[in-house]
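Presented below is the structure to which this report refers.
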Protein chains: 2
Amino acid sequence: MHITQHTDYALRVLIFLASNEHRLVTIQEISERFEISRSHLMKVVNQLIRNGFVEGLRGKGGGLRLARPPQQIAVGDVVRKMESDLALVECFTDQSRCLLTATCQLKGVLATALEAFFASLDKVPLSEVMGPAQRALLHVLKRMP
Amino acid sequence: MHITQHTDYALRVLIFLASNEHRLVTIQEISERFEISRSHLMKVVNQLIRNGFVEGLRGKGGGLRLARPPQQIAVGDVVRKMESDLALVECFTDQSRCLLTATCQLKGVLATALEAFFASLDKVPLSEVMGPAQRALLHVLKRMP
DNA sequence: TTTAAAGAGTCAACAAAAATGAATCTTTTA
DNA sequence: TAAAAGATTCATTTTTGTTGACTCTTTAAA
């Protein structure tokens, strides 16, 4: 049972962007801050952009920002979109050759459990994993003109 | 997000044993039935025995049987015991070097979701994943002297 | 209209984890 | 006491995930 580091990084990038909502942040900056190689991080960011969580502005003076306010981004959604392979066991796929398939109910039971996992994560918006200090900052900024 | 095939096999072995509660089943037989190598399956069975789900009787005429009736074995318990590494993300471990650690609440959120996953599996006893036909057989056998 | 700053994509190398099975050892009971 | 069962160890192979170099494309500022 693992979430790929890819997904882990994605969440951290989002948290970082949420903590810097008032400005554009470059991949360069994040890669330095998190001590991850730029090109590696790029792939993570890319997927975040393709999935509509982040807006990437190219060209001089460009950078990244959240596509929506952090209150409207559910952690569950991010994990679902970033984890490409959610087949918990072989028999989730079409080419299963498990000899119990006909009779066993395992697949449904595991699928239900996976839903429970995501349902739990869906309840949590990005703004709630940011940490108190950063969340407070978010409130202050909202009041500013 | 994956469960290892190891765990998958473990569940299948248990289902098979539950479907043959009235007799001893050898690893040999299971390996033939599931088309898995004997020595590989052995490791799975071994772990099942060490965790008290299965009783292994050695020597001539020996074999395997469930240590408890299938109604008393929760799927969640099996998965928990078979999956050795339940650290969803790096920061679950002690040596985490995530630079957000101090402030971010991700760890707790993911841990809660993982609990929800297992809570869902804990509700399901082995007897419920066996398939209707086999379960019916179980009832009949219970009534026999 | 050029240039530099940004993201996008491709590719190959590397590392870690999981799966597999051969060979050998131990226990036990018919 | 021999044969049938599980137990253990080890090495190999396969798969998956991680990493980063290199090159391409876009775009806004100078």
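Each chain gets a letter, A, B and so on, in the order the sequences are listed, and its residues count up from 1.
Here the C1' atom of nucleotide C:dT20 and the CG atom of B:Asp8 are 16 Å apart, to the nearest Å. With rounding to whole Å, B:Gln47 atom CD is found 14 Å from D:dA7 atom C1'. Atom NE2 of B:His40 is separated from atom C1' of D:dT8 by 15 Å (rounded to the nearest Å). What separates CD1 of B:Ile36 from C1' of C:dA22 is a distance of 17 Å, to the nearest Å. One interatomic measurement links the two molecules: CD of A:Glu35 to P of D:dG20, which rounds to 12 Å at whole-angstrom precision. Rounded to whole angstrom, the span from the CD1 atom of B:Ile30 across to the P atom of D:dA4 amounts to 19 Å. When rounded to the nearest whole Å, the span between CD of B:Glu29 and P of D:dG6 equals 10 Å. The distance from atom CD of A:Glu83 to atom C1' of D:dG17 is 11 Å, rounded to the nearest whole Å.
Of the side-chain N and O atoms in B:Tyr9, one or more sit less than 4.0 angstrom from OP1 or OP2 of C:dT20.
Note: A:His40 and A:Tyr9 have perpendicular aromatic rings, judged against thresholds of 30 and 60 degrees for the angle between ring planes.
For A:Glu29, the salt bridge (charged side-chain N to carboxylate O under 4.0 Å, His left out) criterion is met by A:Arg23, not counting sequence neighbours. The side chain to side chain contact (heavy atoms under 4.5 Å, CB included) search around B:Ser39 returns B:Ser37, not counting sequence neighbours.
Within the structure, the salt bridge (charged side-chain N to carboxylate O under 4.0 Å, His left out) test picks out the following pairs touching residues 36-59 of chain B (sequence neighbours left out): B:Glu55-B:Arg65. Pairs of residues two or more places apart, or lying in two chains, that qualify as salt bridge (charged side-chain N to carboxylate O under 4.0 Å, His left out) and include a residue from residues 116-127 of chain A are A:Arg80-A:Asp122.
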Query raised in the report: In B/S/- notation, 5' to 3', how is nucleotides 1-17 of chain C contacted by protein heavy atoms closer than 4.0 Å?
Result: ----BSBBSB-------
Only distances under 3.5 Å count here; give the side-chain donor-acceptor pairs of residues 111-121 of chain B to other protein atoms, sequence neighbours excluded, each with its distance to 0.1 Å.
{"unit_1": "B:Thr112", "atom_1": "OG1", "unit_2": "B:Gly108", "atom_2": "O", "d": "2.9"}

